[in-house]
Amino acid sequence: MTTKKHYDAIIIGGSYAGLSAAMSLGRSLSNVLVIDSGTPCNRQTPHSHNFLTQDGKRQEKIAAIAKEQVSKYNTVDFFNGLATTGNKTVYGFDITTQSGEVFSARKLVFATGLNDIMPDIEGFAECWGISVLHCPYCHGYEVKNQKTGIVANGDGAFHYAQLISNWTDSLWVFTNGKSTLSDEQTTTIHKHNIHIVEEKISWFDHDGGKIGSVIFEDGSSISVNTIYSGPDFVQQCSVPEKLGCEMTEQGHLKVDLLQKTSVEGVYAAGDNATMFRAVSIAVSAGTIAGAAVNMELIVEDF
């Protein structure tokens, strides 16, 4: 185990939120370390949308440009690795990586994203982010007016049915088993000519992640071009919770308007701290977190 130099701030996660926070801090002359394991939440998504100046660009291209620009600030260092442990110390925090390196800092920013838990449907994971989508604001325009399915049940299915009906008139709700929609919800959905299918799903027929049809356990199938689904998720990094950071009921890190967690000196930004999963929102949250950390450092030293 080796101990490295002490930083003003360590940012864990080097994707959009983390790099945005690093830019704010680098431009503020703070000494910053970005620890990144290279597993962004949207790594399987071909293109990014609904982000001014970047609409339609490949997500890895946006990230590469961002890292190149942040790297120009000579007070920002990078380390490729996985942060596994965090400890509160008299001078701030220690972060230990999977390979045994130890880094210390006065402040922490977690931009570590989420791990989506894929349902037990063959082909779902392969289509995730490509033709199985989470957010219509990010990708709905590209699949407008297509045959579209929703894999959800209960209130979640009703919400998706309301929302996605704005993008297409060819819409099915696949409850993947007995429907838990209320009678009122079912009536409303049918009134809008949206079909409800309760048969259990066996697998997705797809070509390289592009879905062609949903195959059911009874052998029947329905052709679709797109699926919307919001699978369960867990935090990609367990360190914030182990440090005592409060969580929301939905499983996100609880932050205030400045992206500050319930633990003094610890901030969070990006998908791990909001239900709004979009590149533009992650960048915005990172900018706020970086500025807030810098102000906190200045106030402490002034």
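Remember, predicted model here, so these are calculated numbers, not experimental data. In this chain, residues are counted from 1 in sequence order.
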[X] versus [Y], closest heavy-atom pair with distance:
X: D36; Y: G14; value: OD1-N, 3.0 Å
X: S24; Y: A291; value: CB-N, 3.9 Å
X: V173; Y: A161; value: CG2-CB, 4.3 Å
X: G154; Y: T180; value: N-OG1, 3.1 Å
X: S213; Y: S223; value: CB-CA, 3.8 Å
X: H134; Y: Y160; value: O-OH, 2.7 Å

Do the side chain of [X] and the main chain of [Y] share a donor and acceptor less than 3.5 angstrom apart?
X: T287; Y: V283; value: yes
X: D116; Y: F233; value: no
X: Q54; Y: H49; value: no
X: S131; Y: I211; value: yes
X: S221; Y: V214; value: no
X: S182; Y: Q185; value: yes
X: T188; Y: E184; value: yes
X: D8; Y: V32; value: no
X: S71; Y: K67; value: yes
X: T75; Y: S30; value: yes

Given I35 and I95, is the side chain to side chain contact (heavy atoms under 4.5 Å, CB included) satisfied, shown in steps? CA-CA 10 Å; I35 300 175; I95 294 293; 3.9 Å; yes
Compute whether any side-chain donor of one residue and acceptor of the other, for [X] and [Y], lie under 3.5 angstrom apart.
X: S99; Y: T97; answer: yes
X: H6; Y: S104; answer: yes
X: R27; Y: Y73; answer: yes

Could you state the interatomic distance from [atom1] ([X]) to [atom2] ([Y]), rounded to the nearest 0.5 Å?
X: Y16; Y: D271; atom1: OH; atom2: CG; answer: 10.0 Å
X: C135; Y: I281; atom1: SG; atom2: CD1; answer: 8.0 Å
X: I130; Y: D207; atom1: CD1; atom2: CG; answer: 10.5 Å

Quick check with a 6.0 Å cut-off and a 45 degree axis cone: is K5 positioned over the face of F103's six-membered ring?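 No.
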Checking K88 against F93: charged group under 6.0 Å from the ring centre and within 45 degrees of the axis?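 Checked: cation-pi criterion met.
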Quick one: do N225 and V143 satisfy side chain to side chain contact (heavy atoms under 4.5 Å, CB included)? Show the steps, please. CA-CA 8 Å; N225 305 108; V143 295; over 6 Å; no
Would you call K260 and E296 a salt bridge, using N to O less than 4.0 angstrom?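 Looking at E296 together with K260, the answer is yes, because their closest N to O distance falls below 4.0 Å.
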Decide, yes or no, whether a salt bridge links K147 with D169 under the criterion of side-chain N to carboxylate O below 4.0 Å.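 Salt bridge absent between K147 and D169.
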Pair E249, K254 - check salt bridge (Lys or Arg N to Asp or Glu O under 4.0 Å), show working. CA-CA 9 Å; E249 290 183 8; K254 190 174 183 179; over 6 Å; no
Partner of W172 by side chain to side chain contact (heavy atoms under 4.5 Å, CB included), out of T148, I227, V197: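 Among T148, I227, V197, the one meeting side chain to side chain contact (heavy atoms under 4.5 Å, CB included) with W172 is V197.
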List the steps and the verdict of side chain to side chain contact (heavy atoms under 4.5 Å, CB included) for V266 and K107. CA-CA 6 Å; V266 179; K107 310 294 177 185; over 6 Å; no
Is there a side chain to side chain contact (heavy atoms under 4.5 Å, CB included) between N153 and S179? Walk through the geometry before answering. CA-CA 6 Å; N153 210 344; S179 172; 4.0 Å; yes
